[in-house]
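The chains referred to below are lettered A, B, ... by the order of the sequence lines, with proteins before strands, and numbering in each begins at 1.
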Amino acid sequence: MPELPEVETIARELRPLLVGKTITRVWFDWPNQIKHPSPELFARELPGREISGVDRRAKWLVLELSGAAVLAIQVKMTGVLSVVGADEAHDRHVHVVIGLDDGRQLRLRDPRKFARLGLYQRDEAGAILGADEARELFAGFGPEPLDPGFTLRDFRRLLRARRARLKTLLMNQQFLAGVGNIYADEALWRARIHPLRSAATLRPEHERRLYQALRDVLIEAIERRGSSVDDYRAPSGRGDMQNFLNIYGRTGKPCPRCGRPTRRIVVNARSTHFCSWCQRLPARERVAAAKALLHDALRAPRRA
DNA sequence: CAACCGACCTGTTCGC
DNA sequence: TGCGAACAGGTCGGTT
C-alpha cells in the first residue's frame, strides 16, 4: 500500500533514527530482493558507511551514504521498516537487517518479499547512476505532485498530452510520481471526476479541481502519517488516514457527499472505488467505458 | 501512446 | 471443518 504519503512518513520517522549512524553489518536471506549491485557486493560495500540523509523520491526511500553512495529502498506493498535493538526478537518475515553503530538495527519485514533494495553511486553532478550506468536511477519519473515548482499549468500540459483513463494515468509513475491506488481514487472522488474519464476531455475547471484534490489529499495523508489499510505500518506503527478515506475500500457504503452507495469496478486489475452520482461520465464517453468494463468482466477468470 | 499480461510472492478470504 | 482457488496491489518487461 505504501504510496507517497506513506513513504514520506517512513522517511521522516527514520531520519532522526538513522542520520549520523554508521552501518556495521548487513544480513539478508532472499538475494532476489537486492536489485543492485550483486548481493555479494551489496553486502561488502555497505559496512563502514555513514548515513547522512534520509529522503523520498516517488515511492522510494533514499538513504544518503558516505562516499557519495545511495541506498534506495522500495517497500512496495508489504515491506515494513523499523529500527530496533539488536536483541529484539524477529520472526521469519524479516529478510533484511542492517546493523548500526549505536547497537540498533534497521530491519525490513516483508512477508511477500516484494520489497527491493539497491546500492548506487552518485556522479560528480549528484545524479544517481542507475543499474545500467548510462541512466539516472529515477530517470523517466514524473514530477512530484507536492513539489512547489509543480504548478497547475504543468499539470494541464501533462494532461493534455494524454488520452488514457485518468485512474490509469494518475497511477502511472512516469506521468506523476508517488500516487497509487488509494490516493488516485480519493483524489478523483474529491474532484468529482469519474475514474474512467479520458484525460484529454477534461475541462479547465476539472483540471483545476483534480490538481487541488491531489495536493490536498496527499498533504492530509502525510499529516495523518499514511493509511494503514492492511499491511502498511510506519516505523512508529499505524497511520491514521485509513479512518478518513472517503471512497477507497468503502464498496457499498454511502458516499459521504451524497449518500449513494460506493461502487467498485476493476481498472488495470486494480480495485477502483467511486460514486456514480458524484463522479459522472459525460454521455459521449459512457459507451466506451461500458465496453471496457464488459470486456474486463468477460475475461476475468471466475468460476461459475 | 494505450492496454494488457505474466511474473514476482504469500497471508487472508472466499466458495463449496 | 477443511481444502484449494482467488484475491490483494506496486512495478517491470514484453506483447498486442
Dot-bracket for DNA chain B, please, read 5' to 3', with Watson-Crick or G-U wobble pairs under 3.5 Å on both distances, ( ) within the strand, [ ] crossing, | other strand, . unpaired. .|||||||.|||||||
What is the separation between atom [atom1] on [X] and atom [atom2] on [N], rounded to the nearest whole Å?
X: Gln174(A); N: dG13(C); atom1: CD; atom2: C1'; answer: 12 Å
X: Leu108(A); N: dG10(C); atom1: CG; atom2: P; answer: 17 Å
X: Leu137(A); N: dC12(C); atom1: CG; atom2: C1'; answer: 14 Å
X: Asn268(A); N: dG6(B); atom1: CG; atom2: C1'; answer: 15 Å
X: Met77(A); N: dC7(C); atom1: CE; atom2: C1'; answer: 11 Å
X: Gln242(A); N: dA8(C); atom1: CD; atom2: C1'; answer: 17 Å
X: Asp231(A); N: dT12(B); atom1: CG; atom2: C1'; answer: 10 Å
X: Gln173(A); N: dG13(C); atom1: CD; atom2: P; answer: 14 Å

Work out how far the P atom of dC3(C) is from that of dC9(B), and round it to whole angstrom. 27 Å
What I want to check is whether the side chains of Tyr232(A) and Glu3(A) have a donor and an acceptor closer together than 3.5 Å.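 Their side chains do not contain a donor-acceptor pair, so the 3.5 Å distance test is not met.
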Between Asn268(A) and Thr168(A), does any side-chain donor sit less than 3.5 Å from a side-chain acceptor? yes
Listed partners of Asn32(A) passing side chain to side chain contact (heavy atoms under 4.5 Å, CB included), at least two apart: Trp30(A)
Nearest listed nucleotide, side chain of Arg163(A), among dC1(B), dA8(C), dG10(C): dC1(B)
Side-chain N or O of [X] less than 4.0 angstrom from OP1 or OP2 on [N]?
X: Arg165(A); N: dC4(B); result: yes
X: Arg264(A); N: dA8(C); result: yes
X: Gln74(A); N: dG10(C); result: no

Cation-aromatic face contact Arg257(A)/Trp189(A), 6.0 Å, 45 degrees: yes
Quick one: is the NZ or CZ of Arg57(A) closer than 6.0 Å to the six-membered ring centre of Phe141(A), and within 45° of its axis?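 No, Arg57(A) does not lie over the aromatic ring of Phe141(A).
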All N/O contacts under 3.5 Å from nucleotides 8-10 of chain B to the protein, with atom names and distances to one decimal?
unit_1: dC9(B); atom_1: OP1; unit_2: Trp30(A); atom_2: NE1; d: 3.0
unit_1: dC9(B); atom_1: OP1; unit_2: Asn32(A); atom_2: ND2; d: 3.0
unit_1: dC9(B); atom_1: O4'; unit_2: Arg112(A); atom_2: O; d: 3.4
unit_1: dC9(B); atom_1: O2; unit_2: Arg112(A); atom_2: NE; d: 2.4
unit_1: dC9(B); atom_1: O2; unit_2: Arg112(A); atom_2: NH2; d: 2.8
unit_1: dC9(B); atom_1: N3; unit_2: Arg112(A); atom_2: NH2; d: 3.0
unit_1: dT10(B); atom_1: OP1; unit_2: Lys113(A); atom_2: NZ; d: 2.4

If you take all heavy atoms of Asn181(A) and Ser271(A), which pair is closest and at what distance?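 Taking every non-hydrogen atom into account, ND2-O, 3.0 Å.
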Residue whose nearest DNA chain B nucleotide is more 5′ - Ala164(A) or Arg270(A):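 Its nucleotide being nearer the 5' end, the pick is Ala164(A).
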Could you list the residues that satisfy salt bridge (Lys or Arg N to Asp or Glu O under 4.0 Å) with Asp216(A), not counting sequence neighbours?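 Listed in chain order: nothing, the list is empty.
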Apply salt bridge (Lys or Arg N to Asp or Glu O under 4.0 Å) to Arg192(A) and list each qualifying residue two or more places apart in sequence or on a separate chain. none
Could you pull out all residues at least two apart from His95(A) that satisfy side chain to side chain donor-acceptor pair (under 3.5 Å)? Asp29(A)
